[in-house]
Structure formats: structure tokens, C-alpha cells
Amino acid sequence: MQVNEKLKEMGVVGAGGAGFPTYAKLKQGGIDYYIANGAECEPLLDVSKEIMARFPGKVIKGLNHLAKYTGAAKTVIALKGKYKQAIKALREELTTEAENNIEIFEMGDFFPAGDEQVLVYEITGRVVPEGGIPLLVGAVVNNIETLYNVYNAIEEDTPVIDKYITIGGDVKDPITLKVPIGTNIGWLLDFLGIEYKDKVIIDGGPMMGNITNPDMPIVKTTGGLLLFPNDHPAVTVKTSSMDYILKMAKISCIQCRYCTEQCPRYLLGHDLQPSKIMLTVGFRLTSDYIKQALLCCECGLCEAYSCPQQLSPRRVNQALKKELAAAGVKYTSHKTTFKPREAREWRKVPTSRLKARLNLTEFERHASLVDGNFVKPPKVFIPTKQHTGVPATPIVNVGDRVARGQVIGTVPEDKLGCYIHASIDGIVEQSDKDKIVIRGEES
């Protein structure tokens, strides 16, 4: 079986972000750089650095499988220079295998170092075109947990049935651990003895994550669960209504351009100017600036760090992207070459300064990985859509007995998507187009 077919059947998708199916990134020929993204720039999350430190061999072998399949000329693991333990583990592992031709690229500690377009430029000196993907400049990027899953799929014949997550923020003991896909968040926090009743739970990091609730399940793209008090800046920046945000864009935006001048994509040379978008939206003007919202990577730097008026260009862009997508509008660039703006090097935002601005410093404690399959939920709720593409179609019925790792949902060969699998042994309680619920045999 070809590597791409194997990855589809094993359910391997990007372990963060939109969960793009990994097999769909693989192109044989024309790849100059295959890049492992270990930058993990979101504050308080430790999954990537912990996997690199604890399982360097799996990461390297997973990366080599994809690099060899695509015929990539160069293979790079990029991570922040401050991740000393991970760097040491990777370098030691690389010296044990003569076939490895992998470069370790140490990055500075700035945000968003892990944005794939920022990462590609830092390593290659090439700017991904507006609205484009790294493949357009001869690069492919996967994150660290994805490569760990690639190794498991190809060498261990193990599908993606678990997710590594960091639980941190306002908790006594931050932890990184492995959790079966579909585990209920509330049950998990209760199991770990973490109080969450009067706190807000953010799925993901404080910058790009979204507020979630205890009834939601862990999915393939869950990077972490961060808990904060209701009035914490990491929470309040995400809770204002869109009506209020649009009103304040009109009343309070002073066109200082800080959001534009510090925007990572603008600094790469893209025509994304959040300040112009805010002006256009606030006064309901007709302008092509609206389409620039499609270029936004939603890193959140504009709202959490740049704006002196505490406005939210990011959420305005999110709303516009949904409207434009629904209308079938796409961004069309007439530029053929892109050059980073001269100010880029001295406008990188240090992560330490970002943490201070968001009052995260007090929560900055390392979340060490506690490995093992000790999390055994009594029931799992597995969504049929956990990735970019079409949902998986259930192939099990209510009452069926399933085993951990068994395929429970498939996608047609001609459609973008990935299979889903049972994450525990048990009995199917529900099976429909949205989710499959499995009750554990011991429940």
C-alpha cells in the first residue's frame, strides 16, 4: 500500500489547526524542503516540545518516511532554540542513524513563529504567495504530533485514536498527557481532579484557541485545554459580541495602524491591512479591502497585543471570511513576487512580552508529559468530521461491538477526508452523520 493511502486509512491529519489530511499534502517531485514544525509558539502549550524530547526517534522516522516519499531535497526540523531538552534528544537520535540527512533549525522566541508561512520564510527565505500554501514555493510543513502519528501508522499499523494535549493555565499542576479521541472534556477534568466549574475553558492556545464547554469531546486537532478566570484577558478578548466589536470599530478605531504594522502576513509582504478593514467595516464602506480578510491567519496578535483600544481585528476578519466564503468570493492577487517589508526583523513580537501583555506569566509552568494509556473514559463521542474535507460515513450500527483501533467511518476514494476509528473497546450507542458514541465495556 502506498504511503498516502496508508495515511488516509489510518486517519492521519494535521494534529492542530484545521486538521488538513496529511496524505493530501504529499506530492512526489518538486519538493525542495520538507519541514517539521516544532516551534509551538502558543504560550502555555507543551505538546510538541514534549513529544520531541520523549520520542525523537518516532518523529525523525515519521519525517523520513514523508521526505523519502516526496523526494524532498532537504529535510528540516524547526524548533525554538530555547527548547534545549528537545534539541538534545533530536541531535542524539540523529547521530545513531547514518541515513539521516536532517537539519535542526533553531528559531528565535517570537510569536507567531509556528505560523507555517512565517516558518517557511525563516527557513527558506521564500515568501508563500498571498492566499497560497507552502507547496507553491517548494515546501511542505507538518507539525510534530502529525509526524509521530505517521510513524505509528506506517511502522506500527496504529491509527490515530489518541491525542496528546496540554492541560494548563489556572490549574495547580499543568500536565501533558495522552487521551483517547472522543473523551468528554468535563469527564477528563473530573478524572484528573481539576476544578473547572467557575472557570472558562479554552480549546487550544490563549491566542488562537476558542472557548469551549465541558460537554465537548477531545478531537484530532485539540492542542490543549487552558483554564482561566472569567475576567482574565485571554478570555475577555474572545467574549465580546460581534455587534459590539463592529460598533467599537466605528467608535474607537483611531487608525494608528499598529495592527497592520505588526501583522505577520503584512510583514511578509502580503497586502493585508487590518486597519483598513476596520475602517471599511466600521463605516460600512464599499471597498476591496474587505477581501483582504481572506489573507488573515487569525494569529490574534492584532487584538491581544497591538491594538491600544483593545479592539478585535481578528474577529472582524473571522466574520468576514465566513461571509465571503458563503458568497463564493476568493482572493485574487495580481502580484507575482513578494518581498518582506524592511521593518519585519525588528517588529517580531517576543513571546515573553506577549505573555506579560496577556497576564500569562503567572501560569507559565512546564507541563511535563505523563505517558501511558491510563485515561480510560467510560464513553467516547467521536465526531465524523475532525478534519478539512468531507465527514466520514459511519460503517457501524447501534449495538455493534467494536475494538479499539477498528475502522468505524470511511470516506470515498475521490473525496478529501480521512477514516475514523474506535478509540476504546465497547458497544456502539449512537451512529449518525454527526458522531459515533461508544460505551466502554466496563461501564
Side-chain angles (χ1 to χ4, degrees), residues 17-18 20 24-25 27 29-33 35 37 112-141 208 246 249 253 255-303 306-307 311-349 388-389 416:
F20 196 81
K25 286 188 173 185
K27 174 190 174 186
I31 306 298
D32 298 323
Y33 295 87
I35 302 171
N37 183 356
D115 173 78
E116 69 174 12
Q117 295 197 14
V118 170
L119 190 76
V120 167
Y121 176 72
E122 291 287 318
I123 294 170
T124 71
R126 303 173 184 177
V127 177
V128 178
E130 292 172 336
I133 59 176
L135 194 59
L136 295 176
V137 293
V140 177
V141 181
M208 301 181 71
L246 294 176
C253 181
Q255 285 296 295
C256 64
R257 284 184 58 85
Y258 287 171
C259 58
T260 293
E261 298 298 337
Q262 290 182 320
C263 172
R265 295 294 173 88
Y266 174 79
L267 291 172
L268 281 175
H270 291 186
D271 290 328
L272 171 57
Q273 300 186 61
S275 53
K276 295 289 181 67
I277 296 173
M278 294 292 279
L279 181 67
T280 300
V281 170
F283 289 92
R284 299 182 181 180
L285 304 176
T286 301
S287 170
D288 283 341
Y289 285 122
I290 292 293
K291 295 180 182 179
Q292 291 183 0
L294 295 170
L295 304 179
C296 176
C297 67
E298 301 180 23
C299 71
L301 201 58
C302 52
E303 66 181 9
S306 301
C307 183
L311 304 181
S312 183
R314 178 182 78 104
R315 291 188 60 195
V316 169
N317 286 346
Q318 281 180 325
L320 290 173
K321 287 165 81 171
K322 289 181 180 179
E323 290 183 16
L324 292 170
V329 176
K330 296 184 178 180
Y331 187 86
T332 302
S333 177
H334 300 292
K335 296 172 65 174
T336 56
T337 58
F338 297 86
K339 182 180 179 181
R341 288 179 164 82
E342 185 179 353
R344 181 178 183 272
E345 284 305 310
W346 61 82
R347 285 192 180 146
K348 293 178 180 177
V349 176
T388 298
L416 179 67

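Hydrogens, waters and symmetry mates play no part in the numbers below; they use all other heavy atoms, side chains included.
- One finds the OH atom of Y121 at 11.0 Å from the CG atom of L267 (value rounded to the nearest 0.5 Å).
- Closest approach of V281 to V316, counting heavy atoms only: CG2-CG1, 4.0 Å.
- K25 places a side-chain N or O within 3.5 Å of a backbone atom of V141 that can act as its donor or acceptor partner.
- Distance SG/C253 to CD1/I277: 11.0 Å, rounded to 0.5 Å.
- The two residues L119 and A113 have their closest heavy-atom pair at CD1-O, 3.7 Å.
- Taking CD1 from I31 and CG from L135, the interatomic distance works out to 4.5 Å, rounded to the nearest 0.5 Å.
- For the pair Q262 (side chain) and R347 (backbone), a donor-acceptor distance under 3.5 Å is absent.
- Sparse packing is recorded around OH of Y258, with 12 or fewer heavy atoms of other residues, nucleotides or ligands lying under 6.0 Å away.
- In this structure, E303 contributes its side chain and R314 its backbone to no donor-acceptor pair below 3.5 Å.
- Using a 4.5 Å heavy-atom cutoff, the side chains of L268 and R344 are in contact.
- Between atom CE of residue M278 and atom SG of residue C307 there is a gap of 6.5 Å, rounded to the nearest 0.5 Å.
- The closest donor-acceptor contact from the side chain of S275 to the backbone of T260 lies at 3.5 Å or more, if one exists at all.
- Going from atom SG of C296 over to atom CG of L272 covers 6.0 Å, rounded to the nearest 0.5 Å.
- Counting non-hydrogen atoms of neighbouring residues, nucleotides and ligands closer than 6.0 angstrom, the NZ atom of K335 exceeds 12 such neighbours.
- Taking both residues in full, the closest heavy atoms of Y266 and E261 are given as CE2-OE1, 3.9 Å, listed atom of the first, atom of the second, then distance.
- In this structure, I123 CD1 and N37 CG are separated by 8.0 Å, a value rounded to the nearest 0.5 Å.
- Between the side chain of T280 and the backbone N or O of I290, no donor-acceptor pair lies under 3.5 Å.
- Under the 4.5 Å side-chain criterion, counting only non-hydrogen atoms from C-beta, L136 is in contact with P129.
- Shown here for P134 and E116, the closest heavy-atom pair between the two residues is CD-OE2, 3.3 Å.
- Under the 3.5 Å distance criterion, the side-chain polar atoms of R341 are matched with a main-chain donor or acceptor of H270.
- The two residues L295 and G131 come nearest to each other via the heavy atoms CD2-N, 3.5 Å.
- In this structure, E130 contributes its side chain and D271 its backbone to a donor-acceptor pair below 3.5 Å.
- Judged as a salt bridge (Lys or Arg N to Asp or Glu O under 4.0 Å), the pairs with a partner in residues 286-299 (not counting sequence neighbours) are, in order, E298-K321.
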